[in-house]
Asker: 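One structure, pasted below without further comment.
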Amino acid sequence: MTWRRAIALAACAALLVGAPPFLPPYALTLLTQILIYAIFAMSLDLLLGYTGLASLGHAAYFGIAAYVVAIMTTQHQASFWACLGAALLAACAAAAVFGLVAIRATGVYFLMITLALGMVTWGLAFRWVSLTMGDNGISGIARPSLSSGLSFARPLPFHYLSLVAFLIAFGLLSLIVRSPFGLSLQGIRETERRMRALGYDVWLHKYVAFILSGAFAGLAGAMWAYYDGFVSPVEIHLVTSVETLLMVALGGPGTLVGPVLGAGVIVLFKNLLSIYTKRWLLILGLVYIGVIVLAPKGIVGAVRGAR
Amino acid sequence: MEFWLTQAFNGISYGAMLFLLGSGLSLVFGVMRIVNLAHGSYFLLGGYVGLTTVSRTKSFPLALLSGALSVALIGLGMERLFLRRLSRQSLPQVLMTMGFALVFQDLGLLVWGGDPYTLAVPAFLAQSVQAGPVFVQFYRLFIIAVAFAVGIVLWVFLERTRAGASIRATVDDAEMAQGVGINVPLVSAGVFALGAFLAALGGVVGAGFIGVYPGLDFEVLPYAFVVVIVGGLGSLPGVVVGSLLVGLLDNFGKALFPELSYFTLFAPMALILALKPTGLFGKR
């Protein structure tokens with residue numbers, strides 16, 4: 001890590017920790033949203049950018065974790081740690097099962113099969129009304145509080161909780177992508193055949209990456225359920241999966257900063273645009289098209305290219 | 001017995017509509033290997049254009065024609081101007097088609113508003129008769145007839161004409177097809193327009209049956225994928241079998257296990273993809 005990079009990171013961290021108390025309420029909620037979506041986008045990037053697997057069903061793990069939190073808090077009044085543990089476990093389990101089905105496929109078939117698995121999950125959330133309340137969703141999810149009396153109900157404490165979750169995810173993912181395992185993933189992304197010839201178990205590497213990616217998506221989903229207080233099949237829908245792909249593609253796949261930037265831009269864009277115009281969906285559609293035409297390597301790629 | 005016959009009839013007629021929707025997606029995937037998330041939007045736009053045509057001209061055949069043709073032009077434009085440059089880059093293609101799906105969704109809302117509509121079908125199609133235990137709506141028979149006719153025409157076109165042979169060759173191996181002098185970009189553009197045409201035709205037909213409303217695009221899109229994946233990517237007989245299976249599975253699933261009905265639909269799709277990624281009838 002160069003000095004300049006270290007200073008930039010430290011400045012970002014200081015800003016993230018120091019600024020929130022001074023922000024107006026609306027800006028704070030937007031920032032919380034960005035942090036949670038940043039976790040989600042980074043989790044997808046572990047697959048897309050580092051392993052070279054484009055998943056069209058990544059919202060499944062996000063949604064499953066969100067539903068676990070929703071059901072456990074509203075029906076069983078479970079504690080924060082119990083909910084978080086169960087949500088992560090459920091997301092991992094789903095990824096472990098789906099991974100068995102999906103990993104064999106490559107390229108466009110991987111897209112199709114993850115699309116199908118995402119739809120299976122969405123279909124369950126939509127139709128299994130006795131468990132999920134169907135299209136109405138589950139509302140009234142209370143913000144967590146710890147047994148020590150620390151409550152995250154108010155926006156500022158909850159924001160710091162999200163920040164902790166984000167920093168943990170960022171830190172762990174940084175370690176993962178720099179580890180020998182992470183470097184092997186990038187090798188698989190570049191030339192799978194050579195890695196196989198060198199004796200790497202390509203399937204196992206992809207499978208582990210798939211589960212890890214699902215776990216971090218689950219972390220984001222659990223935080224989202226607490227943040228929003230409401231979970232519905234929209235969280236699992238194809239549109240959510242594709243939007244996360246857009247965040248990664250916009251920011252720059254194969255970096256961790258990229259997805260964070262992408263999540264920031266898209267969250268701000270959606271929220272602010274919907275204040276000023278009813279036609280935000282149209283403009284969001286144009287953003288999709290524009291990103292592909294104008295910035296195929298994302299923001300980070302464009303910045304690097306300009307240097 | 002009445003239950004089974006009625007559900008079977010409903011399932012087959014729903015499958016007929018899915019055939020119109022899925023055949024285009026299958027052809028497009030076969031030739032271009034593209035996951036087109038805007039395919040449901042063609043269905044929606046076709047329905048809307050048909051609706052406007054009927055309300056202006058009172059002509060149902062004209063609605064079928066105008067809906068299908070106008071959307072075919074949209075598809076052609078999308079392929080020539082945007083998707084062509086992304087040949088074989090699956091992720092940018094997905095994002096691009098998603099962008100178009102959102103644009104079409106919002107334009108639909110802008111032009112036709114948020115209310116659901118049902119297309120007024122000709123009086124003789126709006127009738128129904130009691131045939132033994134089954135209540136037969138003529139319009140459902142009409143959908144089956146349209147799907148049958150389109151299926152025959154497509155089959156003759158693909159199997160008996162030179163253009164059809166070029167398409168089949170491109171499905172089998174685009175590189176070789178290019179090598180033996182087939183104009184693959186032209187085939188791609190034509191097939192893309194044809195795919196949009198078929199989906200929009202399905203949309204007009206569907207508008208007199210399930211109606212047309214915002215959100216319909218993303219509601220039918222999963223069905224299109226299930227049909228195509230179950231039957232096989234790029235295979236016409238596969239789409240026939242796939243759409244009938246999905247139509248029946250969907251109807252019986254909803255009637256018998258309402259809570260698991262999407263699961264009974266999508267889980268087989270995921271399994272088939274895992275075991276035989278090219279579908280039941282796909283070649284590779």
Side-chain angles (χ1 to χ4, degrees), chain A residues 48 52 54 56-57 98 100-132 134 233 237-239 241-243 245-246 248-250 253 278-293 296, chain B residues 29 32-35 37-38 41 78 81-83 85-86 88-107 109-110 218 221-223 225-226 228-230 233 253-254 257-275 277-279:
Chain A
L48 174 66
L56 259 182
F98 288 1
L100 284 179
V101 181
I103 291 295
R104 255 170 29 123
T106 51
V108 75
Y109 288 103
F110 186 80
L111 275 175
M112 292 288 258
I113 201 162
T114 47
L115 173 98
L117 292 166
M119 278 180 199
V120 169
T121 318
W122 173 80
L124 280 178
F126 191 73
R127 290 280 174 168
W128 196 350
V129 180
S130 56
L131 182 73
T132 64
H237 199 269
L238 174 67
V239 175
S241 290
V242 182
E243 200 169 283
L245 279 173
L246 175 69
V248 179
L250 171 65
K278 274 190 188 164
R279 297 271 78 84
W280 64 275
L281 209 56
L282 181 89
I283 300 174
L284 185 65
L286 295 176
V287 169
Y288 273 89
I289 299 167
V291 166
I292 298 308
V293 174
Chain B
F29 188 91
M32 301 168 71
R33 304 277 161 212
I34 187 171
V35 180
L37 297 182
S41 315
M78 251 179 87
L81 300 176
F82 292 94
L83 291 170
R85 61 175 92 196
L86 301 176
R88 313 272 147 171
Q89 302 173 43
S90 44
L91 181 67
Q93 285 170 343
V94 165
L95 293 175
M96 179 74 90
T97 57
M98 182 55 140
F100 275 103
L102 295 179
V103 168
F104 292 148
Q105 187 177 27
D106 211 39
L107 285 179
L109 200 61
L110 183 70
F218 280 103
L221 183 67
Y223 283 90
F225 277 111
V226 183
V228 168
I229 288 169
V230 169
L233 301 150
K254 274 180 184 157
F257 332 95
E259 293 222 310
L260 295 177
S261 58
Y262 274 134
F263 187 76
T264 54
L265 203 61
F266 298 141
M269 161 168 87
L271 270 183
I272 287 173
L273 267 175
L275 300 174
T278 47

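Heavy atoms only: backbone and side chains are in, while hydrogens, waters and symmetry mates are out. Predicted model only: the values in this text are computed from it and were never measured. Just so we're on the same page: letters track the sequence lines, and every chain starts at 1.
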Asker: Below 4.5 Å from any heavy atom of chain B, which atoms of Ile103(A) appear? Answer side chain, backbone, both or neither.
Answerer: neither
Asker: Select, from Thr114(A), Leu286(A), Val120(A), Val101(A), the one with the greatest count of heavy-atom pairs under 4.5 Å involving chain B.
Answerer: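 Looking at each option in turn, the highest pair count goes to Val120(A).
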Asker: Which word best sums up how the rings of His237(A) and Phe218(B) line up, parallel for under 30°, tilted for 30 to 60°, or perpendicular for over 60°?
Answerer: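 Because their plane-to-plane angle is over 60°, the rings of His237(A) and Phe218(B) count as perpendicular.
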Asker: Is the shortest heavy-atom distance from the side chain of Lys278(A) to the side chain of Asp106(B) under 4.5 Å?
Answerer: no
Asker: Under 4.5 Å heavy-atom distance to chain A, tell me which part of Phe225(B) shows up: side chain, backbone, both or neither.
Answerer: side chain
Asker: Which one of Met98(B), Gln93(B), Arg85(B) has the most heavy-atom pairs closer than 4.5 Å to chain A?
Answerer: Met98(B)
Asker: Roughly how far, to the nearest 0.5 Å, is CG of Leu91(B) from CZ of Phe110(A)?
Answerer: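 Those atoms lie 11.5 Å apart.
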Asker: So, taking the atom named CG in Leu110(B) and the one named CG in Leu282(A), what distance separates them when rounded to the nearest 0.5 Å?
Answerer: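 Answer for the CG-CG pair, Leu110(B) versus Leu282(A), is 8.0 Å.
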Asker: Would you give the length of the straight line joining atom CG of Leu102(B) to atom CG of Leu284(A), rounded to the nearest 0.5 angstrom?
Answerer: 5.5 Å
Asker: How close do Val293(A) and Phe82(B) get, heavy atom to heavy atom, and via which atoms?
Answerer: CG2-CD2, 4.5 Å
Asker: Side chains of Arg279(A) and Leu109(B): closer than 4.5 Å at any heavy-atom pair?
Answerer: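 Counting from C-beta outward, Arg279(A) and Leu109(B) do come under 4.5 Å.
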Asker: Please state whether the side chain, the backbone, both or neither of Leu86(B) comes within less than 4.5 Å of a heavy atom of chain A.
Answerer: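 When you check distances to chain A, only side chain atoms of Leu86(B) fall under 4.5 Å.
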Asker: Any idea which of Thr121(A), Val287(A), Val291(A), Leu245(A) has the most non-hydrogen atom pairs under 4.5 angstrom with chain B?
Answerer: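 Ranked by heavy-atom pairs under 4.5 Å with chain B, first place is Leu245(A).
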Asker: Roughly how far, to the nearest 0.5 Å, is CD1 of Ile289(A) from CE of Met78(B)?
Answerer: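 Reported to 0.5 Å precision, the distance equals 7.5 Å.
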Asker: Measure distances from Leu100(A) to the heavy atoms of chain B and classify the residue's part below 4.5 Å as side chain, backbone, both or neither.
Answerer: neither
Asker: Would you mind checking which part of Leu246(A) comes under 4.5 Å of any heavy atom in chain B, side chain (CB onward), backbone (N, CA, C, O), both or neither?
Answerer: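 Leu246(A) touches chain B through backbone and side-chain heavy atoms alike.
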Asker: Which atoms of Val239(A) come close to chain B, meaning under 4.5 Å heavy atom to heavy atom: side chain ones, backbone ones, both, or neither?
Answerer: both
Asker: Go through the atoms of Leu48(A) and report whether side chain, backbone, both or neither lie under 4.5 Å from a heavy atom of chain B.
Answerer: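 For Leu48(A), the contact with chain B is made by the side chain alone.
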Asker: Could you look at Phe29(B) and say if it's the side chain, the backbone, both or neither that has a heavy atom under 4.5 Å from chain A?
Answerer: side chain
Asker: Where on Leu111(A) is there a heavy atom nearer than 4.5 Å to chain B: the side chain, the backbone, both, or neither?
Answerer: side chain
